[in-house]
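Take a look at the structure set out below.
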Amino acid sequence: MAETKSTCPYCGVGCGVIIDSEGPQITGVRGDPDHPANFGRLCTKGSTLHLTAAAAVTRQTRLLQPMRRLQRGAAPEAVSWDAALDSATTRFAQVIRDHGPDAVGFYVSGQLLTEDYYVFNKLAKGLIGTNNIDTNSRLCMSSAVAGYKQTLGADAPPACYDDLKHAQCLFIVGSNTAWAHPILFRRIEDAKAANPALKIVVADPRRTDTVEIADLFLPIQPGTDVMLFNGMLHLMLWEGWTDARYIAAHTTGFEALKATVRECTPDKVAQVCGIAKDELLTAARHFATSAATLSLYCQGLNQSSSGTAKNAALINLHLATGQIGKPGAGPFSLTGQPNAMGGREVGGMANLLSAHRDLANPRHRAEVAALWGVPAVPAAPGKTAVEMFQAAADGEIRALWIACTNPAQSMPDQATVRRALERAEFVVVQEAFSTTATCDFADLLLPATSWGEKDGTVTNSERRVSRVRAAVPVPGEARDDWSIAVDFARRLEQRLGVAGPLFPYASAESVWNEHRESTRGRDLDITGMSYAMLEAAPQQWPLKEGDSVGRARLYEDGVFPTPDGRARFVDTAYRPVAEAREARYPFSLNTGRLRDQWHGMSRTGTLGRLFGHVAEPVVQLHAQDMARRQLQNGDLVHVTSKRGSILLPAQASAEVGLSQAFIAMHWGGEFLSGCSSTGTRLAGVNALTSSAYCPSSKQPELKHAAVKVLKAEMPWSLLTMVWLPPDAALAAHRALKPLMALFPFATCVPFSSNTPLAGSGGAAGVERAGILFRAAAHDTPSDAVLDHIEALLGLQGAETLRYADRKRGQRRTARLVRHGTDAVLEGFLLAGDTRAEAWIATLLREELPAQGYGRLLLSPGARAPVAIQSRGRPVCTCFNVTDVAIRNCLEGASGTPDERLAALQGALKCGTNCGSCLPELKRMARAAVGSSAEALAAAP
Ligand code: SF4
C-alpha cells in the first residue's frame, strides 16, 4: 500500500488528491486536506478517478504500445518505439525539406503538463522553425488571455480563490460554476453561508444550477454580454458609481469608452439582452457599490466570436469602479482545463512565446532564441486551432502531430476537421487512450502515460503551481509526453543536421528548471520556486528568487505591466453572434458541460456510474418550443445547422430559454451518430457547431450556432440493455461503435447499478456494469445486423427467450437468469416497437424479480405492470440517491428550503460527500416548499 500526493487531471480548480495504490494498481483516491485549492474536497469526477484508472479500463481502453497504420482505414500494427519514432522523423523531415517548416503542425492540449508543453513548444518553434503549434486551450481560454493582455498588460488572473471569502459581490457570468468547477462552487456556498449579505449576480442564457445561489439572475440572450457590460457601465456613469480617482490614477482610454457606452441605454440593453431594466440597474449597483466585487467567468465569455471584447468589457467594469487589486475584488477568469495556465506560461500557442512573451515582439523572439540556443525563432505567426485544421484540409499543412487531445470530437465544424485529418499526408496521435475518434485517423499512434503514472507540474486558475506525481508504474510501453517529444526532437536534430543538443533533459524536473529560468524578470517570475519547494506545498506565481511565498493577488499597488504602468480601457463595441438566427435556422444552439463528465469522455465515459446523472444525449428545448412543434419528451428530432445534422431525443428543460437549444459538449462520435450537410457520416454535437472565431483571440464560437429543430419520423426503433462483466462491457462498447454508423440515429453508453461510492460512508455494494444501445431508422435493418448486436451483447444461449416477426419489423429478446426460486433480467433487446422500454428497463436496471414477466417481455406493446415503479434517476452519485427518493423525503419534511434540505441530508445523506448534487438538492427543496404552499393555497 502506498500514498502519493498529486493533482486532479480534470478542471482548472486544480484540486490536490491523495492516490492510494497497491503495486501496479491505483486502488483509491481522496482529496488532499492540505491542498489550498480544495482542502480535502473532491467532486464526483475527482472522487471516481481511481475507478477510471482501474485495470479493466486500462486493459480495454489504453494505448499500450506504438502502433503504425500502413494504410488508412486498415487496422494499426504494433511496432517498436525505435521504428515508430524513426518513421515519424523520416516523414516529418521529408515534409519539412520538401515544403518548408510551416507544412507541419502540432496540436497539443491543456491537459499536458507544463513540462510536456515546454518541450513541444521548443520542438516546433526552436528546432523545426515553425510557429504552427496550438492547443485545445485555444477553444477554452484564448479570449481570456487576449482580454487580460489588452486591458491589464499581461496574461495574469489578478485574483485568487481566497478572494471569495472577502468579496461582497460575486458577478458570475458565462460560467456554470456549479457543474464545471464544483469545488470552487463549494467555496462560493461557504462564502455565502458565512456572509449572507454577499450579493451574487449570475448572468447566463441558461438557468443553470449555478443560478440556485444567485440573488439576481440575468437571463441574457446568447452573445449579448458586451451590451450587458456596456449597459452596466452606462448606468454606473449616470448614477455616479464609477471611481474617478482610480480611473485618473491608474488607467488610460476611458473617454473613448464613455462615448461608446453612452449609446447603451437601459432601453437598448433591455431590448438586446432580453432582461428587465430594473434588473440591469440592480446588477450595476451591486457591482459598483459593493465594498469588493469579484467576477468569475469562463466559456460563456471566451467561446465567442467577440470573446476578447467580452473579456475586456467586463474588465472595463472593474477598472471603472476600482474593483481590482484589493481583497475580494478583480476579474477572475476560470480555466476549463487542468493546465491551460501552464500552457500559457510556456507560450504553447501559435502567437505566444515562453514566459508570457509575444511572438510579434522582436526582442522577445531574440530572448527566447538565446535561451534555447537557436539562431532565431520564426516571426510569422503560426496557425491557430481552427486555422491549422483548415490549412490541413486545404493541403497547406501536410503533417500533423496531435498530443493528448481529440480534435475529431472537440473541434467545431467536424466536416472540415475530418477532411483535414484525411487529407494530411502523415498524422501522429500521441495518446493515453486508444478509443478516441482521432485515433481512427492516425498513421502512427504513440502511447502516452496518463494521470497517476506521470510526473510534472500544472498551474490552476489562481496561478498556483502544483506537483503531479506518479503513483504506479507505467503500463505497457507507454512513455511520458515530454519524453516522447524529446526522443523525436533528438532524432530530428540529427536528420536536419542541427547543432545540438537542444533537448538535453533527463527528467521532467530538468525541463521545468529551464522553463523556470525563462521566467526570470517576467511578470510570472518563478525563479524562487523549485520542485523541492513544491513537494512541500503548491505555490502561486510570481515567486521571485529570494521570495519564500508567491503573490496571492496582483496589482495591489495599482501599477500594471504596461509601458506606462496604467491599465487600459478597451473601447468595446457590441457585435452580435457571427451566425444570425434566421427563419430557416431559428434556434441558437448552446453547448456546455455536464456535471459528471469530462470533455470527450475518453476517461469518464468508461464508468457507468458517471452516466447516472445524465444517461444519454438529448437536445434540451424550452417547453413552449416543444409544444409548438408538437414534441413530447423523447421524440427524436433533427438538429441541423449549415454544416451538419444530428438526430437525438428532445427534452423539455426549464434551463433553456425560448428559441434556444442546448446539447452537452461531450457527445461525440464515440457515443452519438450524425452526418454533415453533404451526407458524410460525422459525429456528435460538433457536426453542428461553427468555427467562426474572435478576430483577436481566434477562439471559436462554440456557444452559439444557428440551427433548426424538426421532428424526425423514424418508424423503427431499437433499445437493448445488458449487464456484463466490466471488461466485457467496455469491449462491447467498442465493438458496437462501428454499428452506430448503420443507423440514422444511434447512441451507445454505459450504465451501472450505482452502489454508494466506496469511501463515501455509504453501504458499499458490488457495482455492476451495463451497456445501453439505442437506435432508430426509417426501415427495419437486416436480421444479420440484429443478430450481430445480440451476439456482441451476449443475448444468446439457453437462458434467452425470443420472439420475432420479421414482416412487422418486431423482435424481442430477453435473457433471464435464475436466482434461487426467481429469475432476474440480465439483458433485453426491443426492436421495432420500444414503447415498453420504461418498465422493462426498470426491471433490468433495478435487478427486480422477473420470473413472472416472461411472456410480457416478449409481447410488443405490452403495458407496464402496475407493480413496477422505477427508483428514479440518481441525483447523488456518491450515495446513489435518486430524484424519486428525494422527492418522497422532501414531501414528508416541513419548514424552509434550508430546513428541508437539512432533514433530507440527515435522512438520505445525499450531498454530504462530494457535494456536486447540492445545487440540485436545493432546487428540489425550494420546489417542494413551493408546491406545498400552492397545495395549501388551493385547499378548500
Ligand atoms: Fe477535479 Fe472536481 Fe476539483 Fe475540478 S473540482 S479539479 S474536476 S475534483
Side-chain angles (χ1 to χ4, degrees), residues 5-20 26 28-53 110-111 113 137 140-141 160-161 164 172 175-190 208-210 296 298-299 332-342 450-452 457-469 471 538 592-607 609-610 613 664-666 757 759-760 876-878 911 913-919:
K5 286 195 172 194
S6 189
T7 311
C8 174
Y10 293 125
C11 83
V13 177
C15 297
V17 296
I18 299 174
I19 305 171
D20 295 324
I26 291 174
V29 68
R30 64 209 134 89
D32 179 353
D34 299 326
H35 197 288
N38 56 318
F39 299 107
R41 287 163 156 171
L42 292 178
C43 74
T44 337
K45 295 182 286 280
S47 54
T48 50
L49 270 166
H50 58 300
L51 301 176
T52 58
Q111 278 156 101
L113 307 186
S137 296
C140 170
M141 52 75 217
C160 61
Y161 297 158
L164 292 169
I172 305 176
S175 161
N176 183 8
T177 325
W179 284 15
H181 300 95
I183 296 305
L184 196 64
F185 198 72
R186 301 283 84 76
R187 293 179 72 159
I188 295 172
E189 289 167 341
D190 292 348
T208 64
D209 267 7
T210 302
L296 301 173
C298 199
Q299 311 307 356
F332 193 179
S333 148
L334 304 178
T335 42
Q337 300 197 74
N339 199 30
M341 288 287 286
S450 186
W451 176 83
T457 56
V458 289
T459 309
N460 71 4
S461 296
E462 62 165 355
R463 295 173 277 106
R464 190 177 297 279
V465 183
S466 294
R467 285 280 278 112
V468 168
R469 296 178 181 86
R593 288 193 169 134
L594 294 176
R595 191 192 77 184
D596 294 349
Q597 296 293 350
W598 179 253
H599 285 195
M601 302 199 281
S602 45
R603 182 187 290 277
T604 53
T606 58
L607 201 58
R609 166 185 290 277
L610 295 178
H613 188 238
M665 62 181 275
H666 314 287
L757 187 64
S760 65
C876 171
T877 311
C878 296
N913 188 43
C914 81
S916 292
C917 61
L918 272 173

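Remember, predicted model here, so these are calculated numbers, not experimental data. We use all heavy atoms of the structure for the numbers below, so side chains are in, but hydrogens, waters and symmetry mates are not. Every number for a ligand or one of its atoms is a count from 1 in the order of the listing.
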Worksheet entry | Donor-acceptor side-chain pairing of Asn913 and Ser47 below 3.5 angstrom | no
Worksheet item: What class does the angle between the rings of Tyr10 and Trp598 fall in, given that below 30° is parallel, 30 to 60° is tilted and above 60° is perpendicular?
Response: tilted
Discussion item. List the residues meeting side chain to side chain donor-acceptor pair (under 3.5 Å) with Gln299, not counting sequence neighbours, and say none if there are none.
Written reply: none
Worksheet entry | Residue-atom pairs from the protein, N, O or S only, that lie under 2.8 Å from atom 4 (Fe) of ligand 1 | Cys11 SG
Worksheet entry | Any side-chain heavy-atom pair of Ser450 and Arg603 under 4.5 Å | yes
Discussion item. Which residues pass the salt bridge (Lys or Arg N to Asp or Glu O under 4.0 Å) test with Arg595, not counting sequence neighbours?
Written reply: none
Discussion item. Taking salt bridge (Lys or Arg N to Asp or Glu O under 4.0 Å) as the definition, give me every residue that meets it alongside Arg593, ordered by chain and number, with sequence neighbours left out.
Written reply: none
